[in-house]
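Written out below as structure tokens is the structure these notes cover.
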Amino acid sequence: MTTVLPDENAQPSWELAPAPESTDHVNLKPAYDLFINGEFRPSRSGKRFPSINPATESTIAEITEADESDVDVAVKAARAAHENVWSKMPGAERAKYIYRIARLMQEQARELAVIETMDGGKPIRESRDIDIPLAAAHFFYYAGWADKLNYAFPNRRPESLGVAGQVIPWNFPLLMAAWKIAPALATGNTVVIKPAETTSLTAMKLAEIFQQAELPPGVVNIVTGHSEVGAAIVNHPDVKKVAFTGSTEVGKIIQRSLAGTDKSLTLELGGKAANIVFEDGAIDQAVEGIINGIYFNQGHVCCAGSRLLVQESIHDELIRKLKHRMESLIVGDPLDKNTDIGAINSREQLNTINSYIQIGKDEGAQFYQPSCPVPDKGFWCRPSLFTDVAQSNRIGQEEIFGPVLTAQTFRTVAEAIQKANNTQYGLSAGVWTDKGSKIFNLTSQMRAGIVWANTYNKFDPTSPFGGYKESGFGREGGLHGLAAYLKV
Amino acid sequence: MPTTLPTHFPTVDQVGVVERAARFTTRSIKTAAKMQGLRMVLSMIDLTTLEGMDTAGKVKHLCYKARHLHDRVEGLPTVAAVCVYPNFVGLAKQKVNGSGIKIASVATAFPSGNSSLELKLNDVRMAVDHGADEIDMVISRGRFHAGDTLYVFEEIAAVKEACGKARLKVILETGELGTLDNVRKASDMAIAAGADFIKTSTGKIKPAATMPATLVMLEAIRDHYFATGKMVGMKPAGGISKSKLALHYLIMVKETLGMAWLDNHWFRFGASSLANDVLMQFVKQQTGAYQSADYFSLD
């Protein structure tokens with residue numbers, strides 16, 4: 001079976017000229033301090049570390065390494081702001097600040113998108129069209145709830161919890177900050193948040209936006225650094241609520257460390273989502289959904305559709321179309337408007353992905369990558385596909401967090417459900433069929449927090465997001481997202 | 001070629017198609033890639049006049065334009081074909097003689113297709129006898145909607161036979177088919193019945209060509225190629241009057257089918273005003289400024 005089309009060499013090729021997004025308008029400081037009590041201030045130790053552009057391996061700016069004492073100052077500032085200002089402020093007043101933040105994000109969207117792409121390696125098309133608009137949308141959405149909490153929880157008198165300690169990952173830096181900060185602020189809590197060490201820059205730009213919005217000092221504090229900083233936030237006695245998005249491994253450590261405390265916790269962890277395609281589905285659109293499901297953001301997506309389950313009768317046809325489509329993906333400079341797949345976020349993550357690719361080959365699965373060129377410098381991984389994968393293969397069970405798809409087959413609906421649910425995770429799933437009854441049957445039996453039907457990776461602030469099993473607990477987004485930040 | 005009506009037609013998800021089609025429009029086509037693309041666009045145009053008030057003079061002038069798109073710019077390609085009603089085929093053929101430009105003629109009771117098969121076949125034979133290289137037929141949409149798919153299928157096969165050596169373009173008139181599922185079904189039927197090209201529209205119905213409908217047709221062509229190894233051509237027609245949109249169509253062809261289809265033997269634009277917009281881009285490239293539309297001939 002070949003995916004090469006006829007006379008491919010008979011025509012002169014038609015390659016797109018480079019179309020890089022300009023970086024002239026980006027305003028970055030050479031180094032960023034911590035953001036505590038409404039101002040940028042250095043850490044006690046003065047330590048810093050570089051933030052690298054994963055597409056060029058060059059340093060963009062220096063980030064401050066906080067320690068326990070800095071976290072203590074941040075939490076105390078947040079506690080004071082909660083007790084004296086933010087929890088006492090009427091919801092309608094809080095909403096004004098949150099709306100202002102949302103509008104400032106929109107005004108600065110272009111700069112935020114370029115920085116997000118430079119710092120994290122994701123294609124500008126995604127940061128421009130998805131990350132930044134969606135982050136602003138979360139602030140807009142939760143601003144609307146701030147003065148309506150009594151209606152959200154009828155016959156209750158919802159109260160804020162206090163200081164929320166939040167730790168977020170590197171895959172959607174600004175968007176995850178928005179998911180965490182917006183509902184916390186709307187419900188009257190104050191925040192100490194730690195962005196991921198490889199992608200702190202848009203959080204620091206967000207700190208500048210908080211200043212422009214004249215958000216009262218201490219309402220949001222941003223402390224940067226490595227995992228010790230996250231641990232210090234989680235374990236601080238004045239933190240009343242912990243919200244974490246990241247790996248299941250770290251999630252378990254956090255849950256253990258909170259045992260016996262009265263802190264409330266939400267965890268949004270890993271995933272290994274099944275993307276199930278039935279023979280009656282629209283195959284070409286399913287192929288698009290598979291591509292979008294696994295190669296979106298280089299596969300650095302907790303809800304990525306990383307396990308493809310294909311009905312046996314269409315397996316060969318679908319895989320042929322999938323490979324053909326993979327040939328048209330453009331991998332390279334994330335700032336180029338035509339790039340489909342950008343740079344892997346860090347060398348460490350690239351090593352992890354490559355080790356899983358080796359594991360898959362050793363496990364005997366069939367490996368495929370398109371022939372697209374990749375740049376010499378930087379961290380790159382071509383879109384990858386393993387076929388003939390067994391349910392017992394590690395590549396089909398463990399979260400790779402990279403552009404690696406595994407494909408399996410099934411015959412019956414029951415087998416599809418069984419295979420889809422046979423995983424330690426349960427964050428998301430996709431179903432592709434032309435039959436409405438099949439969609440309802442599957443969605444009600446799938447143990448996954450989000451199930452997409454005939455689409456994938458669609459996000460909206462009004463829709464709750466969260467997992468089953470080792471994918472975590474608690475919901476973010478929508479009305480459900482408010483409950484995690486309130487005593488009701 | 002044995003022709004049998006397919007028994008299974010793939011389903012199409014409209015939301016997904018629209019989303020995918022929109023993605024092609026986000027490709028940024030600049031500098032050398034743009035000029036190379038525009039040159040391809042010019043060479044793929046079927047320069048068309050299909051009006052009740054067409055005259056011999058108008059057809060003659062159109063043929064001159066087809067050969068001399070804009071003499072002030074050197075080295076421009078000619079268009080692929082001139083497309084006229086059957087009664088102008090002989091004249092047009094004579095006027096493009098020696099240029100390599102093909103003569104396409106609409107036939108089969110264009111644009112509605114509401115006539116007897118006998119009349120439609122005579123229409124085709126007349127155009128072919130007068131020298132048409134290509135026949136653009138319309139399918140019987142009424143019969144299609146009534147569920148008489150076998151009739152539609154056999155009609156296409158009969159027209160194909162009447163075409164002889166002329167290449168057959170089958171116009172689905174996607175604007176009247178209602179759903180993209182129907183567009184896919186009609187595409188598969190036309191290809192199975194022997195179409196050399198499938199074509200979106202007559203240009204007489206709105207919407208004419210759209211990117212989603214064209215994408216569904218391209219997918220049908222690709223699937224046919226995967227199944228049989230045989231290529232079929234594609235012609236979106238009507239509503240494509242701007243260079244940028246035409247380039248997005250070419251990107252769609254490239255990413256759905258591949259470079260092999262980016263040739264006027266396999267891909268055409270049915271358009272009357274697209275050529276001038278492309279010419280305007282060429283002149284802009286040379287002079288650095290856009291000229292007024294009055295600097296480009298209207299033929």
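Here is how names work: the chains are called A, B, and so on, in the same order as the sequence lines, proteins then strands, and each is numbered from 1.
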(message) Tell me whether the count of non-hydrogen atoms from other residues, nucleotides or ligands lying under 6.0 Å of CD in Q14(B) goes above 12.
(response) no

(request) State the NZ-CG distance between K321(A) and D223(B), to the nearest 0.5 angstrom. (result) 3.5 Å

(request) Check whether L247(B) gets within reach of chain A through its side chain, its backbone, both or neither, counting any heavy atom under 4.5 Å. (result) both

(message) Can you pull out every side chain to side chain donor-acceptor pair (under 3.5 Å) where at least one residue sits in residues 231-253 of chain B? Sequence neighbours excluded, please.
(response) D46(B)-K235(B), D136(B)-K235(B), S243(B)-D277(B)

(request) Considering non-hydrogen atoms only, spot the tightest contact between I251(B) and L16(A) and give its length. (result) CD1-CD2, 3.7 Å

(request) Heavy-atom distances under 4.5 Å only: say whether E288(A) touches chain B with side chain, backbone, both or neither. (result) side chain

(request) Ignoring hydrogens and angles, tell me if any N or O in the side chain of Q36(B) forms a donor-acceptor pair with the backbone of S13(A) under 3.5 Å. (result) yes

(message) Can you tell me how far apart CD (E317(A)) and CZ (F226(B)) are? Round to the nearest 0.5 Å.
(response) 9.5 Å

(message) Working to the nearest 0.5 angstrom, can you tell me the gap between R325(A) CZ and E255(B) CD?
(response) 6.5 Å

(message) As a test of understanding, state which of V15(B), D13(B), L180(B), V18(B) forms a side-chain contact (heavy atoms from CB on, under 4.5 Å) with Q285(A).
(response) D13(B)

(request) Report, as yes or no, whether the 6.0 Å neighbourhood of atom NZ on K102(B) holds more than 12 heavy atoms from other residues, nucleotides or ligands. (result) no

(message) Less than 4.0 angstrom from a charged side-chain N to a carboxylate O is my criterion; do D340(A) and R23(B) meet it?
(response) yes

(message) Any side-chain to backbone donor/acceptor pair from W14(A) onto A33(B)? Under 3.5 Å, distance only.
(response) yes

(message) Tell me which of these, I330(A), T455(A), I283(A), N292(A), has more heavy-atom pairs under 4.5 Å with chain B than the rest.
(response) I330(A)

(message) Please classify the contact between N454(A) and chain B as side chain, backbone, both or neither, with a heavy-atom cut-off of under 4.5 Å.
(response) both

(request) Count the heavy-atom pairs under 4.5 Å between each of T31(B), I29(B), V17(B) and chain A, then report the option with the highest count. (result) V17(B)

(request) Search all heavy atoms of T256(B) against all heavy atoms of H324(A) and return the closest pair with its distance. (result) O-CE1, 2.8 Å

(request) Using a strict cut-off of less than 4.0 Å between a Lys/Arg side-chain nitrogen and an Asp/Glu carboxylate oxygen, indicate whether R222(B) and D284(A) qualify as a salt bridge. (result) yes

(message) Between V216(B), D181(B), L215(B), L250(B), who has the most heavy-atom pairs with chain A when the cutoff is under 4.5 Å?
(response) L250(B)

(request) Would you check if the side chain of N338(A) reaches a backbone N or O of S28(B) as a donor-acceptor pair within less than 3.5 Å? (result) yes

(request) Output yes when a side-chain donor or acceptor of K337(A) lies under 3.5 Å from a complementary backbone atom of R27(B), and no otherwise. (result) no

